[in-house]
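Got a structure here, written out as structure tokens. Questions coming.
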Amino acid sequence: MGKKKKKKKDIIKGALLRSPAAEDTMEFKGRFEKHHDELRWLYMELYDNGSMFAELCGRLAQFYEERGSALKALDRKREADPDWYKQNDMLGMMFYIDNFAGTINGVKEKLSYIEQCKVNYIHLMPFLETPKGRSDGGYAVSDFRKVQKGLGTMEDLESFTAACHEKGVNVCMDFVMNHTSEDHEWAIKAREGDGEYMSRYFFFENSYIPSLYENTVPQVFPTTAPGNFTWLPEQKHFVMTSFYPYQWDLNYKNPRVFNEMMYNFLYLANRGIDVMRIDAVPYIWKELNTQCRNLPQVHTIVRLMRLISEIVCPGILLLGEVVMEPEKVTPYFGTPQKPECHMLYNVTTMATTWHTVATRDVSLLKKQLDTVFGLPGEYLFLNYLRCHDDIGWGLDYGALAQKGMEERAHKKYLNDYFQGYAGESNSRGELYNYDPVTGDARFCGTTASMCGIEKAGFEQDSTAMERAVQLDVMLHAYMFVQSGIPVLYSGDEIGQVNDYGYKEDKDKAGDSRFLHRGRFDWDLAANISDRSSVQGKLFERLGQLEEIRRRQKVFVSSASVRTVETWDASVLCVERSFGGEKMVALFNFSETEKTAWIEVEDGVYLDLVSGSNVQANGMKVPGYGFYYLKKA
Ligand code: GLC
């Protein structure tokens, strides 16, 4: 009798151990124990506050518990295959929900179009609650747990991410952690003089300390929002605002800020987000007498975020928005033992690409690519021709100086060129944040407008249109041969041009970035199967390139990549090798035919685009033409 009873108990115990809840607890415990020491070490180093650390740990367990079972299953799958995002089949697209399809549910209905574009990674531009007219394109968040009215609800988001996952589409969102909107509940309480909330920002009674900061801190928006502080006349205080005056910088020296922002991060992660774009990450830690960018504590915080996500939601990728010079960017990958971000933007390459378009000289781009290709294979970059922001001319001016190009004059040339004033330019676009003191300005325009599609369309010049489409396709072909994930700005796949309508909207008129953030034109998209239309030509040709990229293993991120000398100033050659396969790609950045004398293995090569066999050396590359040549 006793024996029997014992057996029954054992069976119950065994079942309990194997129950999903018990397995979950074990899983959480395992991950937590793995990372606890480092998490605690870093947290205490920053905050030296044991009770806040204990609170954080308790909340991690809670967020893990709340995480849906489908997401947990995805986490497990990705933990078992940590390179899941480094293959050659990832293609991204970014868009504003309202511009693309009105609402989150609208985007859901358009998932078939996204699939048609062969896109399996979508970046939904900021969609959380933000005050109208003081939103900085959504980057001034007033509630991290609410979707902006008119776009949908958190439930819509959850059902959207689930629908995406069913189709194998990953969803990226912005986590704007450097600042909140001045309408965020913390800011409202701080404004009322509540010290607890004032301490979550940087408040100063007079201009003394702010003026000390101004001595060393550069300006982000020198024209549209000069200075780094805003005077609040009613509160009789200055508040730190590195971006717009309505974006109040958060004070991460306060552990309450860190903890609460991590809870927001996990709350959003649990809605089914796959990629968190950490907005403006270099700025999140401030110290007097520094530039308040890229300080060591920023890296501690990013590492803490990485550990937190490894514990609660290891399927999530961190994408750092680090728009800085190359030597400042790569440290955000961390080290192999202590990784920080999974992915970063290939920003210098993007800017250097447009410099190459304007100069028809690939030497700087070749140098830049050599640097990127020489980085450890684990580093994964997001490659892009355009994003929602301006193009800043962050080039290697040391290298350009050796060619007699001086920074200020060259930036002016590039801005003139892309406005269509200089050289053999067919580009159209506008300046952004022209600074009369430094003479500096950045640039806005869509890829198609910068390639000449807008001008050719306006002038109804079919020869110029052919050339512009050719340049546009060549640039995409070139982007695809870089390692990492290529991301299209929605509309680029159909050659959408600048939208000057923003000037009529008083909430947007002051910010020329809205020039390239126009509404997606579904009427134009209806032409994609008409091969005589610009949309049809671009869509078909980009589609073909995407298909090649997916099929050919040489495109994987871990392939070895190098540039090859072509002995022509305008022709770039990139060679990719993987698993015994080799591909040589040639790109002509000038409008005239060039011959490329490249030193690559002799023999017959297959042109992956046309399907014909060719000899790679001595190839004649048409104006704005390109080749993907695979060693047969
Ligand atoms: C990032 C965004 C940009 C925004 C800024 C402030 O740089 O990309 O659009 O203005 O952060 O949040």
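Computed from a prediction, not measured in an experiment: that's the story for all the values here. Just follow the structure's listing: the first ligand is 1, and inside any ligand the first atom is 1.
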For residues Thr353 and Tyr478, is any side-chain donor paired with an opposing acceptor at under 3.5 Å?
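Short answer, yes.
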Check your understanding: Counting each atom of ligand 1 from 1 as listed, which ones have a heavy atom of Asp136 under 4.0 Å away?
Key ->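 Checking each atom against Asp136, I get 4 (C), 5 (C), 6 (C), 10 (O), 12 (O).
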Do the ring centers of His299 and Tyr332 come within less than 6.0 Å of each other?
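Here the rings of Tyr332 and His299 have centres that are less than 6.0 Å from each other.
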- Query: Is the closest heavy atom of Met125 to ligand 1 under 4.0 Å?
  - Reply: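 It does not, in that no heavy atom of Met125 comes within the 4.0 Å cut-off of ligand 1.
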Going by the atom numbers of ligand 1, which of them fall below 4.0 Å from some non-hydrogen atom of Asp279?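 Reading through ligand 1 atom by atom, the close ones are 1 (C), 2 (C), 6 (C), 7 (O), 8 (O), 11 (O), 12 (O).
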Review point. Crowded around Glu327 CD? As in, over 12 foreign heavy atoms under 6.0 Å?
Key: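 Atom CD in Glu327 is packed in, count exceeds 12.
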* With atoms numbered from 1 as shown, which atoms in ligand 1 lie under 4.0 angstrom from a non-hydrogen atom of Phe243? ->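 Heavy-atom distances to Phe243 below 4.0 Å select 5 (C), 6 (C).
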**Gap separating the CZ atom of Phe381 from the OG1 atom of Thr349, nearest 0.5 angstrom** =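 Phe381 atom CZ to Thr349 atom OG1 measures 7.5 Å (nearest 0.5 Å).
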Could you list which atoms of ligand 1 come closer than 4.0 Å to a heavy atom of Asp389?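 Those atoms are 2 (C), 3 (C), 7 (O), 8 (O), 9 (O).
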For a quick check under 3.5 Å, do Tyr421 and Asn415 share a side-chain donor-acceptor pair by atom type?
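No pair is found: no donor N or O on one side chain lies under 3.5 Å from an acceptor on the other.
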Where Val217 and Cys292 come nearest, the two heavy atoms and their spacing
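In this case the closest contact between Val217 and Cys292 is CG2-SG, 3.7 Å.
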Worksheet item: In the protein, which heavy atom is nearest to atom 7 (O) of ligand 1, and how far is it?
Response: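 Residue, atom and distance for the closest contact: Glu321 OE2, 2.8 Å.
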Discussion item. Quick check on Phe221 - does any of its heavy atoms sit under 4.0 Å from an atom of ligand 1?
Written reply: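 Under 4.0 Å: yes for Phe221.
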message: Quick check on contacts: which atoms of ligand 1 are under 4.0 angstrom from a heavy atom of His179?
response: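 Near His179, meaning under 4.0 Å from one of its heavy atoms, ligand 1 has 6 (C), 12 (O).
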